[in-house]
There are 2 protein chains.
Amino acid sequence: MNTDDKPSSNEPKTQQERVYMQLREAILRGKFEPGHSVTLRGIAEMLGVSLMPVRESLRRLTTERALQLLNNRRITVPMMTPEKLEELYQARVSLESYAASRAIQNIDPEALSYLYEVNEKHTQSILEDNVEDYIYLNFEFHRELYRYGRCEVVMPLIESLWLQIAPFMRMVHSQYLTESRFNEAEDKHKAMLTAIEKNNPAQLKYLIHDDILDGVRRLQAAMGWPISS
Amino acid sequence: MNTDDKPSSNEPKTQQERVYMQLREAILRGKFEPGHSVTLRGIAEMLGVSLMPVRESLRRLTTERALQLLNNRRITVPMMTPEKLEELYQARVSLESYAASRAIQNIDPEALSYLYEVNEKHTQSILEDNVEDYIYLNFEFHRELYRYGRCEVVMPLIESLWLQIAPFMRMVHSQYLTESRFNEAEDKHKAMLTAIEKNNPAQLKYLIHDDILDGVRRLQAAMGWPISS
DNA sequence: ATTACGGCATTGTGATCACATGTTGTGCTG
DNA sequence: CAGCACAACATGTGATCACAATGCCGTAAT
């Protein structure tokens with residue numbers, strides 16, 4: 001009798017969903033190298049499942065532009081170009097600023113403390129030189145923040161953008177290390193939490209813009225590209 | 001020898017691609033009714049193909065949020081809510097303004113004349129009460145405009161948003177008829193083309209915002225929802 | 001008349017095979 | 001040694017079957 005209109009449950013029921021989540025997390029951890037090709041049978045063997053769940057998962061990921069389906073029927077991790085990076089930057093700023101401005105009014109003390117906790121782990125990952133944790137926890141912090149904006153339309157778009165830049169976050173990280181060691185005073189995430197506590201949406205949006213731009217600048221530097229305005 | 005790195009060719013080679021394009025166009029024509037369920041075998045029988053291409057196509061469309069996969073394993077056309085509409089509005093304005101501002105500098109006279117042509121057909125569809133053409137040609141005009149922005153990242157996001165509102169454009173259209181007949185002076189698309197000719201990005205962005213907002217308002221009215229600011 | 005139960009039909013998912021296409025390696029030829 | 005033809009392999013796509021889960025509907029008990 002339970003018609004159960006909810007779009008989907010949280011715990012994956014199908015293998016396809018599990019495979020998708022695993023691949024997704026792997027991408028968001030920077031485990032996928034740009035330009036490398038991904039094969040159905042390779043993934044299937046790696047995860048110990050048959051081809052079908054992998055097929056559907058990769059179809060999802062190509063739709064989200066996390067992977068690319070060349071017309072030689074080969075699936076690869078897309079490369080980056082200066083033009084794509086510029087677009088990713090603009091789109092992230094627009095959508096994430098919006099998500100943040102919606103979230104700021106719904107963040108209660110409990111949520112805030114959890115954000116502090118995530119950021120603490122993020123900081124730890126930097127000190128420990130754990131690159132994959134660094135990449136993943138950065139996204140996790142942003143996701144946890146925007147979560148309270150309840151953006152059921154915008155959030156999937158943002159996550160699609162994340163999947164597209166994630167493979168290049170290793171370069172951002174390495175650039176991080178070469179140019180300057182982690183500085184507590186420059187903890188942009190912590191500044192965001194302060195802006196939230198002071199209920200200052202404008203400041204929060206500025207910090208998000210700055211945070212995203214910072215990553216873009218590092219990636220441009222690591223790629224040897226000219227730094228945009 | 002041709003490695004052919006281009007992401008995909010224009011002409012669909014696989015059945016899955018053909019099925020996807022057909023379903024996509026059907027959605028962008030308003031042929032899919034909100035709340036209705038879509039079945040694999042139903043589509044397969046309708047299009048005369050087997051289950052596999054349909055499976056992959058529907059997986060793509062659910063990823064783009066054009067369709068919804070309930071946890072009863074049923075695929076349906078999503079309903080609209082005031083909150084979703086608000087998000088769709090904000091996201092469309094942000095992304096389409098950006099796409100337009102990028103496009104305006106690349107539109108040559110030839111492109112402009114084609115845009116006039118598309119808009120002419122769009123106007124025709126209104127006068128002929130051809131609802132599906134009206135819905136589709138509206139998107140087609142915007143797509144053709146943004147095309148010259150060469151937004152390979154942002155464009156897929158915009159199209160995802162279009163797929164989500166398309167099923168509700170019939171209501172926008174009917175509201176169009178009830179409140180006021182088509183007025184040549186109110187042809188927003190023509191005003192956009194004028195803004196392009198005068199090379200006025202700010203005006204173009206304003207007109208796009210206004211055009212999108214106009215549709216949102218009509219939908220809100222048709223749904224009996226309060227009109228947002 | 002209403003509700004609960006049970007059997008049947010429908011539906012998405014998973015598995016397996018066949019196949020067209022593209023890739024790679026190898027040996028022949030100039 | 002370079003260039004090319006051809007075979008062997010790898011890979012995504014399509015088709016078909018099996019199956020568990022879900023929905024649907026008629027029947028019967030209260």
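A note on names: the letters A, B, ... follow the listed sequences, proteins ahead of strands, and every chain is numbered from 1.
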Please compare A:S50 and B:I75 by the position of their nearest nucleotide in DNA chain C and report the one closer to 5'.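 Final value for this comparison: B:I75.
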Integer-rounded Å distance: [N] [atom2] and [X] [atom1]:
| X | N | atom1 | atom2 | result |
| --- | --- | --- | --- | --- |
| B:L67 | C:dG12 | CG | C1' | 14 Å |
| B:K13 | D:dG12 | NZ | C1' | 12 Å |
| A:L47 | C:dG14 | CG | P | 13 Å |
| B:L51 | C:dG12 | CG | P | 9 Å |
| B:L70 | D:dA21 | CG | P | 18 Å |
| A:Q15 | C:dA15 | CD | P | 5 Å |
| A:R73 | C:dT21 | CZ | C1' | 6 Å |
| B:R41 | D:dC17 | CZ | P | 12 Å |

Within 6.0 angstrom of B:R147 CZ, more than 12 heavy atoms from elsewhere: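 Check fails, neighbour count at 12 or below.
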Using a 4.0 Å heavy-atom cut-off across all strands, classify A:R74 as base, sugar-phosphate, or nothing.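 Sugar-phosphate contact only - A:R74 comes under 4.0 Å of backbone atoms but never of a base.
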Within the structure shown, what part of the strands sits under 4.0 Å from A:V19 by heavy-atom distance: base, sugar-phosphate, or nothing?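 Nothing, no nucleic acid heavy atom in range.
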Electrostatic pair B:E132:B:K31 at N-O distance under 4.0 angstrom: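 Looking at B:E132 and B:K31, the cut-off is met.
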Can you name the residues that form a side-chain hydrogen bond (donor to acceptor under 3.5 Å, both in side chains) with A:R143, not counting sequence neighbours?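 A:R143 satisfies side-chain hydrogen bond (donor to acceptor under 3.5 Å, both in side chains) with A:E140, A:E159 once adjacent residues are dropped.
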Which nucleotide in the set [options] lies at the smallest distance from any side-chain heavy atom of [X]?
| X | options | result |
| --- | --- | --- |
| A:Q16 | C:dG14, C:dT11, D:dT13 | C:dG14 |
| B:P53 | D:dA15, C:dT13, D:dG12 | D:dA15 |
| B:L40 | C:dT13, D:dA15, D:dT13 | C:dT13 |

Reckon B:N72 has a side-chain N or O less than 4.0 Å from the OP1 or OP2 of D:dG23?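 Yes.
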Pair B:W162-B:E64, side-chain donor/acceptor within less than 3.5 Å: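 Checked: B:W162/B:E64 side chains show no N/O donor-acceptor pair below 3.5 Å.
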Judged by modelled atom types alone, do B:Q16 and B:R60 share a side-chain donor-acceptor pair under 3.5 Å?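 The answer is yes; a qualifying pair exists.
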Please output the side-chain donor-acceptor pairs of residues 45-56 of chain A that fall under 3.5 Å, not counting sequence neighbours, one pair per line with the distance.
unit_1 : atom_1 : unit_2 : atom_2 : d
A:R55  : NE     : B:E56  : OE2    : 3.4
A:R55  : NH2    : B:E56  : OE2    : 2.9
A:E56  : OE1    : B:R59  : NE     : 2.8
A:E56  : OE1    : B:R59  : NH2    : 3.2
A:E56  : OE2    : B:R55  : NE     : 3.3
A:E56  : OE2    : B:R55  : NH2    : 2.9

Please compare A:M52 and A:T39 by the position of their nearest nucleotide in DNA chain D and report the one closer to 5'.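 It is A:T39, whose closest nucleotide lies nearer the 5' terminus.
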With under 30° as parallel and over 60° as perpendicular, where do the rings of B:H209 and B:Y89 fit, or are they tilted in between?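 Ring orientation of B:H209 relative to B:Y89: perpendicular.
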Strand contacts (DNA chain D) in residues 54-65 of chain A, 4.0 angstrom heavy-atom criterion: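 DNA chain D contact set from residues 54-65 of chain A: A:R55, A:R59.
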